[in-house]
Number of protein chains: 4
Amino acid sequence: MRDHVIGEVPGTRGRIDKRLAMLDAAFRIFADVGYEQASVESIAAEAGVAKATIYNHFGDKERMFREVLRADGDRALGDHLEIVATLVTPSNNIRAALEHVGLELLIRYFDPTTVWYRRLLVAGRATFPDVLESVRTNVTERVMAALADRLSELMRRGQLRDADPAVAAEQFWALLVTPAENRTQLGTRDVTSAELRESTSRAVDTFLRAFGA
Amino acid sequence: MRDHVIGEVPGTRGRIDKRLAMLDAAFRIFADVGYEQASVESIAAEAGVAKATIYNHFGDKERMFREVLRADGDRALGDHLEIVATLVTPSNNIRAALEHVGLELLIRYFDPTTVWYRRLLVAGRATFPDVLESVRTNVTERVMAALADRLSELMRRGQLRDADPAVAAEQFWALLVTPAENRTQLGTRDVTSAELRESTSRAVDTFLRAFGA
Amino acid sequence: MRDHVIGEVPGTRGRIDKRLAMLDAAFRIFADVGYEQASVESIAAEAGVAKATIYNHFGDKERMFREVLRADGDRALGDHLEIVATLVTPSNNIRAALEHVGLELLIRYFDPTTVWYRRLLVAGRATFPDVLESVRTNVTERVMAALADRLSELMRRGQLRDADPAVAAEQFWALLVTPAENRTQLGTRDVTSAELRESTSRAVDTFLRAFGA
Amino acid sequence: MRDHVIGEVPGTRGRIDKRLAMLDAAFRIFADVGYEQASVESIAAEAGVAKATIYNHFGDKERMFREVLRADGDRALGDHLEIVATLVTPSNNIRAALEHVGLELLIRYFDPTTVWYRRLLVAGRATFPDVLESVRTNVTERVMAALADRLSELMRRGQLRDADPAVAAEQFWALLVTPAENRTQLGTRDVTSAELRESTSRAVDTFLRAFGA
DNA sequence: TATGAATGAGTGTTCATTCAT
DNA sequence: GATGAATGAACACTCATTCAT
């Protein structure tokens with residue numbers, strides 16, 4: 001839980017370092033114990049600054065929470081879109097292409113940073129439903145749409161059978177993620193990369209049986 | 001949020017009623033705002049008793065939380081096993097049988113009580129990982145095993161192709177639940193029964209394409 | 001500043017004692033340093049209770065302040081009206097009657113409790129203008145009206161010349177209080193009873209020269 | 001509350017302007033909310049400078065408060081002495097002379113700047129009793145002495161009856177100020193100039209009945 | 001058993017003040 | 001001389017828990 005580092009510089013002495021340290025510490029603490037349970041004091045301690053410094057920078061706890069979410073949300077969106085974009089498959093090997101994308105998505109999905117990010121969202125769900133909605137429309141939906149777009153391209157090329165691409169995308173995602181997630185106990189346990197590879201393989205198996213040309 | 005009633009009998013003034021009222025109020029409040037955020041005071045108020053009475057009965061907040069979880073966990077397990085058991089299919093119509101079980105499971109899954117129960121688990125995740133583990137082994141795994149058992153029976157009968165029943169069960173569940181859940185925004189929105197039926201239908205479609213005989 | 005005691009019972013053990021001790025301590029601290037500057041912690045310490053006990057009883061700081069004001073305001077009104085009522089003078093000695101009432105009013109006015117009460121009002125002026133207004137209409141104006149009523153009676157009897165009784169009351173009060181107050185430095189210094197007697201005598205002198213029959 | 005300007009020159013960017021702007025802002029804020037309640041931050045903002053600049057100039061909050069008081073105290077003393085000095089009455093019309101001086105004093109007394117200044121003193125009473133004492137000896141007493149001196153002159157001339165001039169001054173002041181002040185509710189309400197004129201007239205009436213030749 | 005009253009430890013937030021640039 | 005950034009101490013208020021009745 002100590003390896004999400006945005007930009008801390010160990011020998012801290014600059015100004016910007018403090019802000020980054022604070023965002024960073026906030027991310028970890030919020031993800032760890034949830035919004036309500038995270039004390040500003042503990043975030044300050046983790047960041048190595050005084051409590052008041054946090055207030056100087058962010059105004060209040062809520063604004064800090066939103067700032068943290070925004071900063072990481074943008075990065076996550078970029079990451080995922082990039083991965084989905086690789087599903088262009090000049091090659092004929094659909095299985096390999098799907099397994100590549102699937103595994104990459106799964107790796108991201110279970111990356112500690114992403115796991116924490118999901119926890120952040122869940123942790124703040126009751127208090128900040130608007131943030132949740134914003135993430136869904138700006139991240140989840142756009143990733144799903146990109147995936148559907150790629151799958152529809154594969155359908156047009158005859159590499160997948162004709163079907164509703166949105167449904168296909170949704171089900172690909174479900175087959176990929178849900179069985180793997182069940183094994184992590186809501187993120188309590190880590191998953192090995194072997195497990196991820198096996199999960200991907202099983203998901204692609206079933207997906208191709210259902211949607212293969 | 002006021003319709004989960006374990007055993008309140010408003011007019012009665014006996015001892016047991018108080019205990020039930022307290023468990024009941026605790027369930028609602030815990031599910032509503034999470035373990036940490038739920039104040040013993042608010043639970044006492046909701047149950048119509050004095051704060052100290054809660055301590056007389058449960059010792060402390062944590063023990064009350066566990067009590068609530070256990071009481072409802074047992075009930076949930078029974079419900080789900082019953083539903084899965086209906087997948088005996090004397091008839092030849094697999095699709096109808098799967099859709100029946102799928103819809104029933106989905107209805108349970110999005111029943112307010114169950115939604116609250118999942119929230120309870122997530123809310124207490126950080127503080128009570130042992131409870132989470134216990135639910136997984138005692139509820140999730142047993143339901144999955146029962147489902148796999150039914151599917152394996154269908155495979156033996158030749159109504160589904162030969163495959164790993166555990167994987168099939170897991171993927172059936174994933175196809176069923178994940179797309180539907182994505183639409184509820186982590187439980188922020190309700191789902192209509194029409195949506196549930198459509199979700200079930202799509203899940204069974206794809207499942208049968210992949211696992212049909 | 002430690003002699004305003006409403007009902008403290010030294011060997012404190014009952015329930016009601018705590019409430020009185022709190023009101024009492026609040027009165028002293030508020031009067032001493034003002035509403036904003038008075039810390040709930042210090043009031044709790046002065047009352048010998050825990051901070052939370054104050055919140056259990058009064059809800060919040062503002063409600064405690066209002067409670068304190070109300071409790072003492074009622075008593076003050078009664079006191080003053082009683083004094084003014086003595087101005088019935090069956091005897092012919094107006095000077096003696098006026099000096100008696102004047103001295104009594106002045107004694108009350110510079111009684112530590114009353115001094116503190118005025119400080120309380122001034123201290124809360126900015127934050128609670130409504131309280132100030134309420135005291136003015138319910139206490140100040142009623143005392144002035146009672147005084148005017150007594151003076152008008154004396155005019156009817158021919159013991160004072162005919163004049164506007166309201167103005168006479170107002171000016172009697174001004175002659176009585178203001179010179180004395182100037183010597184206390186906004187209540188910083190105490191006044192001796194000799195000074196009060198002299199102030200009264202001078203005020204009555206001038207008042208009778210202006211309003212004597 | 002924004003019309004007390006000591007020397008702000010908006011267009012200028014020199015050094016002295018900043019100091020004046022700070023003193024000016026401090027006066028307004030201190031008078032508005034009191035010493036303890038005034039935040040250095042708000043004064044800095046009102047003055048358009050950085051918080052640290054205030055500390056460069058005044059050392060700390062207390063020294064700034066004293067500086068502000070001293071600057072304005074001198075001006076107030078001058079004003080009042082000048083007014084009292086006009087009570088030389090070459091003319092025979094005492095009533096007119098007294099009404100002139102009385103009205104002028106009353107106007108000053110209820111001038112927003114003076115009202116704020118009195119609030120400043122009251123606000124700082126508990127924290128800075130020495131300042132209060134200094135104002136009393138350097139301003140109040142000197143104004144009273146000047147007034148007594150003028151009245152004694154009138155007595156010598158036979159325009160007022162023989163009496164203790166100090167007492168006469170004190171009572172003139174009381175008759176003048178107290179009834180008017182009662183109507184402002186400790187400065188919460190403004191007074192109209194008509195009210196001031198009426199108050200003056202009543203005060204002079206009574207004063208002349210008591211002290212007229 | 002049920003309760004009203006009390007409390008110690010904490011929470012988010014503000015503020016006067018300092019320091020490096 | 002002027003500033004932006006940082007901080008320690010304090011404050012109003014909350015909460016899980018205990019105790020006497």
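Chain letters run A, B, ... following the sequence lines, proteins first and then strands; every chain starts at 1.
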Open item on the list: Generate the contact string for nucleotides 12-19 of chain F. Rules: B means base contact, S means sugar-phosphate contact only, - means no protein heavy atom under 4.0 Å.
Closed with: BBBBBBBB
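Listed by chain and number, the residues in a side chain to side chain contact (heavy atoms under 4.5 Å, CB included) with Glu67(A) are Arg19(A), Leu23(A), Phe58(A), Arg70(A) (sequence neighbours excluded). Under the rule for a side chain to side chain contact (heavy atoms under 4.5 Å, CB included), Ala52(D) has no partner lying at least two apart in sequence or in another chain. For Arg63(B), the side chain to side chain donor-acceptor pair (under 3.5 Å) test picks out no residue, with sequence neighbours left out. Among residues two or more places apart in sequence or in another chain, the side chain to side chain donor-acceptor pair (under 3.5 Å) test is passed with Thr53(B) by none.
Residue Ile54(C) comes nearest to Val40(C) through the heavy atom pair CD1-O, 3.9 Å, listed as atom of the first residue, atom of the second, then distance. Between Ala44(C) and Ala50(C), the shortest heavy-atom distance links the atoms CB-C, 4.0 Å. Considering every non-hydrogen atom in both Ala26(A) and Val68(A), the closest pair reads CB-CG2, 3.7 Å.
For dT7(E), one of the phosphate oxygens OP1 or OP2 lies less than 4.0 angstrom from a side-chain nitrogen or oxygen of Lys18(C). Between Thr53(C) and dT7(E), a side-chain N or O to OP1/OP2 separation shorter than 4.0 Å is present.
Note that the CG atom of Leu69(A) and the OH atom of Tyr117(A) stand 5.0 Å from one another [nearest 0.5 Å].
For the pair Lys61(A) and Phe30(A), the cation does not sit on the ring face, since its NZ or CZ is not both under 6.0 Å from the ring centre and inside 45° of the axis.
Nearest-nucleotide assignment on DNA chain F puts the 5′-proximal partner with Ala50(D), out of Ala50(D) and Gly48(A).
Distance, Ile54(A) CD1 to dA5(F) P: 16 Å, rounded to whole Å. Taking atom NE2 of His57(A) as the reference point, atom C1' of dT7(F) lies 12 Å away to the nearest angstrom. At whole-Å resolution of the value, CZ in Phe65(D) and C1' in dA16(E) are 16 Å apart. For Leu20(C) and dA5(E), the CG to C1' distance is 15 Å, given to the nearest whole Å. One can place CZ of Arg19(D) at 15 Å from C1' of dA2(F), the figure rounded to the nearest angstrom.
Rounded to 10°, the angle separating the first-five-pair axis and the last-five-pair axis of the helix from dA2(E)-dT21(F) to dT21(E)-dA2(F) equals 20°.
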